[in-house]
Amino acid sequence: MIFRLPSLREELAILEGPRTHDGQPTWTLHDPARNRFFRLDWLTFEILQRWSLGDPHLITQSIGAQTPLQPDADDIESVLNFASANQLLSFAGADNSASLSASRSRAHPSWWQWLIHNYLFFRIPLIQPDRLLQALVKSAKFLFSRSFAFLTACAGIVGLALVWRQWDAFKAVWLDYANLNGYLGYVVVLVLVKVIHEFGHGLMATRFGCRVPSMGLAFLVMTPVAYTDTNDAWKLTDRKSRLWIGAAGMLAELTLAAWATLAWTLLPNGFFRSAAFMVATTTWLKSVLINTSPVMRFDGYYLLSDSLEMPNLHARAFALARWRLREALFNLGEPAPEIFPPKLKRGLIALAMFIWAYRLVVFTGIAVFVYHFFFKALGIVLFGVEMGWFIALPIFSEAKAWWERRRSIRRSPRRWWVALGFSASLALCCIPLPKTIRVTGQLTPGQEYIVSSPEAARIGELDTRDAERVEAGATLLRLESPALDARLAKIKSREISLTDEISASSSNPATQRRVPILQQELASAHASRHEIETAQAQLQFKAPFAGTFRLADPDLRAEQTVGRQEILGTVISDHGAQIVTYVDERDRGNLKVGAVATIYFASGSGQQLKLRVTAIEADATRLLSHPMLATPFGGSVPARVFDNDIVPENAVYRVTLVPLDSTEMLPTQVRVGHVAIHAGAESLIKVWVRNALSVLWRELGF
């Protein structure tokens, strides 16, 4: 134990603080050199008040004699460690240089620890706004009045009511901004709104007599956001004042939202109405969805912390939840880290559990983001740092706490249930489970006859309706070509004229020499007539085989004009039809020829049919030949369109399926369905390991 305590720094100030939720008094220690504040409990305050005695024994005696508290030497040492870790001690002389160096080393981590903590978040102060804020508070007193608050509330209510009456127009405007110019406009508006948000905090803090030393930019995952240093609010003992400062940014945004919403309903179309729309939508969404959330350290967190009078809310909730987890699993009988009322206790534990789940998702997303944001080698390193520091390290720390309590855990009867649950979970991950591959399938007929117009024509007769079954040789439709009819009539007239002229020339010796020429012309006319009649015959379409006739346009009617090479319909054979689909490379290894599948047709009738896999291509498909299976057209295969070619984004393999019962036929009136292929069994661990190795293999360039 240290017998002579080092002195505290002279510039430190201890201020009266708010009472806790259970009525205990608190004090606030202010370090003006670093503008940092520390909340002190009663015992710590009494120890620091008597710190000048210099002797731990004298301090404990004085506190025991003058207060109901009974501290011991360990309490004095805890306060000393706190003061040393936060650089609150005053060292003088060469003898204390080693202590000062050690304290500085504890306060300043190594460069790699600093880099891990700060490469995704750091601050850049830009201005010292204290004088400006004091001038604005004096000149803008009306903004803090009840009259202005009442007018703003009325503007918001009237604006929302008018927007509700024009809701269709409001949604249409929203869609109009779904382009690059709209996004850029929202970025500009978001910057301006954020500046007003931060000035709201600063103005409210200045109004309550707090100093605002800096405003600037903070970079969160390389994204710039504005910040305002309102740490001076810790000096305020009135909780309502601190709540007003914490809520001032959201109140500023909601004020903007109310007046901007009303302005959009009243202004004529133009620049100012567009600006009002952007301000209104940005502020409503940002204030409600982001700032009010207590799971991250935004305004909602500080408001909740101040309303509960609980500084370091997250850390205290986490400690309570970890204790509750250990008690639920092992019933160790350890005291709770803090004593709270039952409802507050349950609420804090629920909050901690929710934040853990939320941060697991968010930090994993951040890890993926930084992996793609930087070049490959650095991205892999930062991904590992993110996953290790923010996800693996907390789990390791809790596992370490369990290890430290291993003797108590061994004595707990619940350890067997925990071991059984853990073993069951591990077994569930290792046991191969049946796997179902869900994809989109397209019907590919065994035979297909496409009906297309050889030239521009008119539909004369439509002998077959859409989706009607036809037999081989049945007439499907007839086309008429007025141009061919006119040419045929002209040729026939020419043939009659030539025949009559040949007859007359044969009986007249003077014109007999023209007969050979006329006969050649007649033969040419016969050939032209045959060509036209052949073309007319091609305008009549008959089914080459039995099947189902599908019109390209179900509304096709007689007397309707069609263009050259226009597809009019298709005859699909009843026999030999099959389903084609594509599976990802991760699923191909589990899929075997002969696997059973079920297709659910997309007609809405609920019709389904059993299939079996007949072929799996060995090579990945480079170009998708079935557009309806690609995601841009509603299918399941992720793909992009390049110059009319459909390119899969991942390696996919073509799979062919036919009806399981050879006597059943696929419904040819349906072209697309959802296919569930029952593949081989696979364990979750195998899937995770294979996916991890495939990503590693791909990223290493193999």
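For this chain, numbers begin at 1 and follow the sequence in order. This one's a predicted model, so the numbers in the text were calculated from it and none came from an experiment.
When all heavy atoms of R654 and T621 are compared, the pair lying nearest together is N-OG1, 3.9 Å. Heavy-atom minimum distance, A630 versus L624: CB-CD2, 3.7 Å. T283 and A257 get closest at one heavy-atom pair: OG1-CB, 3.0 Å. The minimum heavy-atom distance between A597 and I677, with the atom names listed, is CB-CA, 3.7 Å. Residue I616 comes nearest to K592 through the heavy atom pair CD1-C, 3.9 Å, listed as atom of the first residue, atom of the second, then distance. In terms of heavy atoms, V613 sits closest to L591 at CG2-CD1, 4.5 Å.
R529 contributes no side-chain N or O that, together with a main-chain N or O of I491, makes up a donor-acceptor pair within less than 3.5 Å. Using modelled atom types, no side-chain atom of R612 and backbone atom of V596 make a donor-acceptor pair closer than 3.5 Å. Within the 3.5 Å criterion, the main-chain N or O of A280 finds no donor-acceptor partner in the side chain of T261.
Annotation: H526, atom NE2; neighbour count of heavy atoms from other residues, nucleotides and ligands within 6.0 Å is above 12. Environment of CD in Q166: crowded, with over 12 heavy atoms of neighbouring residues, nucleotides or ligands closer than 6.0 Å. Residue K435 places its NZ atom among more than 12 non-hydrogen atoms of other residues, nucleotides or ligands, all under 6.0 Å distant.
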What verdict does the side chain to side chain contact (heavy atoms under 4.5 Å, CB included) test give for D299 and H197, after you've listed the backbone C-alpha separation in whole Å, the side-chain angles of each residue and the deciding distance to 0.1 Å? CA-CA 11 Å; D299 292 347; H197 176 104; 2.9 Å; yes

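Under the side chain to side chain contact (heavy atoms under 4.5 Å, CB included) rule, H674 has a single partner from T581, T440, I599, which is T440.
In this structure, the side chains of V647 and L623 come closer than 4.5 Å at one or more pairs of heavy atoms. Side-chain contact between N650 and E585: absent, with no pair of heavy atoms (C-beta onward) separated by less than 4.5 Å. Side-chain atoms of F541 and V571, non-hydrogen and from C-beta on, never get closer than 4.5 Å to each other.
Note that CH2 of W164 is 16.0 Å distant from OG1 of T265, once rounded to the nearest 0.5 Å. Remark: Y653 OH to D619 CG distance equals 7.5 Å, nearest 0.5 Å. To the nearest 0.5 Å, the span separating CZ on F396 from CG on L393 amounts to 7.5 Å. Atom OH of Y582 and atom CD of Q442 lie 8.5 Å apart (nearest 0.5 Å). Rounded to the nearest 0.5 Å, atoms CG (L609) and OG1 (T598) are 8.5 Å apart. With rounding to the nearest 0.5 angstrom, the CD atom of Q578 is 11.0 Å from the CG atom of L611.
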